[in-house]
2 protein chains.
Amino acid sequence: MELFAVPDLPEIRAGDDLAAMIAERVDLRPDDVVCVASTVVSKAEGRTADLEEFPAGPRAKEIARNLEEISGDEKDPRFAQAVLENSTDVVMEEPFILTEAPFGHVSVNAGIDRSNVPDHDLLLLPERPSQSAERIHENLPESPPVIVTDTSGRSFRHGQRAVAIGWAGMPASRDWRGETDRDGHELQVTVQSVVDELAGAANLVSGEGDGGNPVVVVRDWDFGDHDGSDNMFREMRRDFVRQALRDWEYEP
Amino acid sequence: MELFAVPDLPEIRAGDDLAAMIAERVDLRPDDVVCVASTVVSKAEGRTADLEEFPAGPRAKEIARNLEEISGDEKDPRFAQAVLENSTDVVMEEPFILTEAPFGHVSVNAGIDRSNVPDHDLLLLPERPSQSAERIHENLPESPPVIVTDTSGRSFRHGQRAVAIGWAGMPASRDWRGETDRDGHELQVTVQSVVDELAGAANLVSGEGDGGNPVVVVRDWDFGDHDGSDNMFREMRRDFVRQALRDWEYEP
Ligand SMILES: Nc1nc2c(ncn2[C@@H]2O[C@H](COP(=O)(O)OP(=O)(O)O)[C@@H](O)[C@H]2O)c(=O)[nH]1
Ligand SMILES: Nc1nc2c(ncn2[C@@H]2O[C@H](COP(=O)(O)OP(=O)(O)O)[C@@H](O)[C@H]2O)c(=O)[nH]1
Ligand SMILES: [Mn+2]
Ligand SMILES: [Mn+2]
Ligand SMILES: [Mn+2]
Ligand SMILES: [Mn+2]
């Protein structure tokens, strides 16, 4: 298994055809996996925005006020408004805003980026990352699977790592149910979220800075002969962490 | 960047010298990263155990009784006892047992495995995985960095993916603080947990089944010119998810 960045990608602009730009730069194979940072998917889809587009309502003002108090830093209530308008569920408001995006992904500040965004204040997540992945997948020569990634925190741990927020041309997970371990016993770990592991692998090459490597090709990796599952985002009713956080109150 | 499994590793037994077994099978380079599944580290360290070693006390009996009621499946109270005895903090007891290991990792059932364990009921996590990694790192020719991995769930998401539970010879994370994005602005994502991303990448090759590939070498990956951080496991006082889960009560 091998990973390499698609070389020499320029700054991505609204309307750019990512599939064509990738195809010009690498010879893809049908069993490659193409991992694309959400930041360039959003740019190509024109998901830039400015704070002035989000005049703050009372809830956003209150959230910003509370966050300001907690952090001691100035907080723009329009940013809180942008987060609220790009979320379908608010999991917690303090000491940071954690919400669910319309497509199911739970992340801080609705995944809105303020790094690597020229000429605008904000970059919103793609509206439907799996549909974005599907479009790139269909338009790439050889139609390899495509994963849209973002960098995200993880409970119980410090730091951030990439996850898959959309995918097409492959299942999200290997389903090992019914398979056996080395001793013929039923497996304990049954659903391996390979799109998350692929996203993390690609991010080792992309990095978080000015490297300019938003697209990484994974070559000679084999999904293998397993069932697949696309069930990734927990629904609220079965999500204990979300339920617990909803009931919880931050005490500074 | 390239990943490959160390070929032909046998069933690992207590007392085996993993470093020597790896060194016999691959020519390592100093800038490789060697990812080792915790399951074989535990086997080599003799961390197998049997249920009869964990006569259940009243708390374990109660936990097992509750889990039995919730799941409708039979639950061995001795297993709950094993989990309790291998944990320093119980985050939640239902609908599954989530605890903190003595070395700080939070996982279901204290990471105790019942897959890929011959001749015994249980395989406990290594007692100090970073010390295990350090020993392997020091004993390998060329002393490449070593990561000990385990497969683990993730909040808000279905399925499981590998994480790093111990590491040596490299920092856990790239610290991007003070670096800038493509437009010269301060970065938003500042701490990239590369050991987790490396663990996930390696697990794409290892898998969860009977593949027999517990050790994966990552070649030609570059940590790069960044500061490093080893701060991985959140302490309880600053861990909001843990605080929330502690206060929360499962309602079937
Ligand atoms: N070539 C190119 N690289 C970009 C562009 N925007 C971001 N990047 C790079 O893409 C990678 C991921 O950027 P990041 O801001 O972490 O994206 P995110 O994780 O999807 O939010 C980094 O290597 C950036 O330097 C762009 O428009 N063009
Ligand atoms: N060669 C060899 N492979 C093993 C042994 N035990 C487990 N494996 C393999 O190691 C990989 C990871 O196993 P898994 O049970 O998921 O380990 P964990 O994620 O560390 O709990 C799989 O490919 C297993 O088949 C062993 O003793 N010898
Ligand atoms: Mn992002
Ligand atoms: Mn990123
Ligand atoms: Mn395990
Ligand atoms: Mn595993």
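Note that these values count all heavy atoms, side chains included, but never hydrogens, waters or copies made by symmetry. A note on names: the letters A, B, ... follow the listed sequences, proteins ahead of strands, and every chain is numbered from 1.
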Evaluate B/D16 against B/K43 for side-chain contact (heavy atoms from CB on, under 4.5 Å), listing each step before the verdict. CA-CA 8 Å; B/D16 278 351; B/K43 285 176 181 175; over 6 Å; no
I'd like to check B/L51 versus B/L122 (side-chain heavy atoms, cut-off strictly below 4.5 Å). Are they in contact? yes
Identify which part of A/Q160 has an atom lying under 4.5 Å from any heavy atom of chain B, answering side chain, backbone, both or neither. both
Can you tell which of B/A201, B/S193, B/S155, B/G159 has the highest number of heavy-atom pairs within less than 4.5 Å of chain A? B/S193
Contacting region of B/L98 [heavy-atom separation from chain A under 4.5 Å]: side chain
Side chain, backbone, both or neither of A/E100 within contact of chain B (heavy atoms, under 4.5 Å): neither
Region of A/S229 in contact with chain B, defined by heavy-atom distances below 4.5 Å: neither
If you tally heavy-atom pairs under 4.5 Å between each of B/M92, B/R154, B/R114 and chain A, the highest tally belongs to B/R154
With the side chain counted from C-beta on, respond yes when A/L125 and A/N86 share a heavy-atom pair under 4.5 Å apart, and no when they do not. no
More than 12 heavy atoms from other groups under 6.0 Å of CD on A/E186: no
Quick one: what part of A/N203 sits under 4.5 Å from any heavy atom of chain B, side chain, backbone, both or neither? both
Do the non-hydrogen side-chain atoms of B/L67 and B/I97 ever get within less than 4.5 Å of each other? yes
What part of A/N231 lies closer than 4.5 angstrom to a heavy atom of chain B: side chain, backbone, both or neither? both
Does a side-chain heavy-atom distance below 4.5 Å link B/F240 with A/P95? yes
Please look at A/F223 and chain B and tell me whether the side chain, the backbone, both or neither of the residue comes under 4.5 angstrom of a heavy atom of that chain. neither
Note: vs chain B, highest number of non-hydrogen pairs under 4.5 angstrom among A/H226, A/Q192, A/H185, A/R246 is A/Q192
Considering residues at least two apart in sequence or located in another chain, which fulfil the side-chain hydrogen bond (donor to acceptor under 3.5 Å, both in side chains) criterion with B/H158? none
Residues A/R157, B/D196: salt bridge by 4.0 Å N-O rule: yes
If you count heavy-atom pairs under 4.5 Å with chain B, which of A/D183, A/V163, A/V191, A/V117 comes out on top? A/D183
What is the minimum heavy-atom distance between A/V34 and A/P144, and which atoms define it? CG2-CG, 3.8 Å
Let's test your reading of the structure: which of A/R161, A/E235, A/E2 forms the most heavy-atom pairs below 4.5 Å with chain B? A/R161
Against chain B, label A/D113 side chain, backbone, both or neither, depending on which of its atoms sit under 4.5 Å from a heavy atom there. both
Side-chain donor/acceptor of B/D50 to backbone N/O of B/H120, under 3.5 Å: no
Contact class of B/E249 relative to chain A, heavy atoms under 4.5 angstrom: neither
Could you look at A/N116 and say if it's the side chain, the backbone, both or neither that has a heavy atom under 4.5 Å from chain B? both
Could you tell me whether the side chain of A/Q243 and the main chain of A/R237 form a donor-acceptor pair under 3.5 Å? yes
Residue among B/Q188, B/M236, B/R174 with most heavy-atom pairs under 4.5 Å to chain A: B/Q188
Could you have a look at A/V205, A/D247, A/L198 and say which one has the most heavy-atom pairs with chain B under 4.5 angstrom? A/L198
Let me know if A/E11 has heavy atoms under 4.5 Å from chain B in its side chain, its backbone, both or neither. both
Do A/V26 and A/P7 touch side chain to side chain, with heavy atoms closer than 4.5 Å? yes
Flag side-chain contact, heavy atom, 4.5 Å: B/R29 against B/D32: yes
Do B/I112 and B/F79 come within less than 4.5 Å of each other through their side chains, counting heavy atoms only? yes
Using heavy-atom distances under 4.5 Å, tell me whether A/F4 contacts chain B through its side chain, its backbone, both, or neither. neither
Counting only N and O atoms by type, is there a donor-acceptor contact under 3.5 Å from the side chain of B/S42 to the main-chain atoms of B/L124? yes
Using a heavy-atom distance cut-off of less than 4.5 Å, which residues of residues 206-221 of chain B contact chain A? B/G207, B/E208, B/G209, B/D210, B/G212, B/W221
Measure A/A172 against the heavy atoms of chain B and call it side chain, backbone, both or neither at under 4.5 Å. neither
Are side-chain heavy atoms of B/S130 and B/F103 found at a separation under 4.5 Å? no
Part of A/H105 within contact of chain B (heavy atom distance under 4.5 Å): side chain
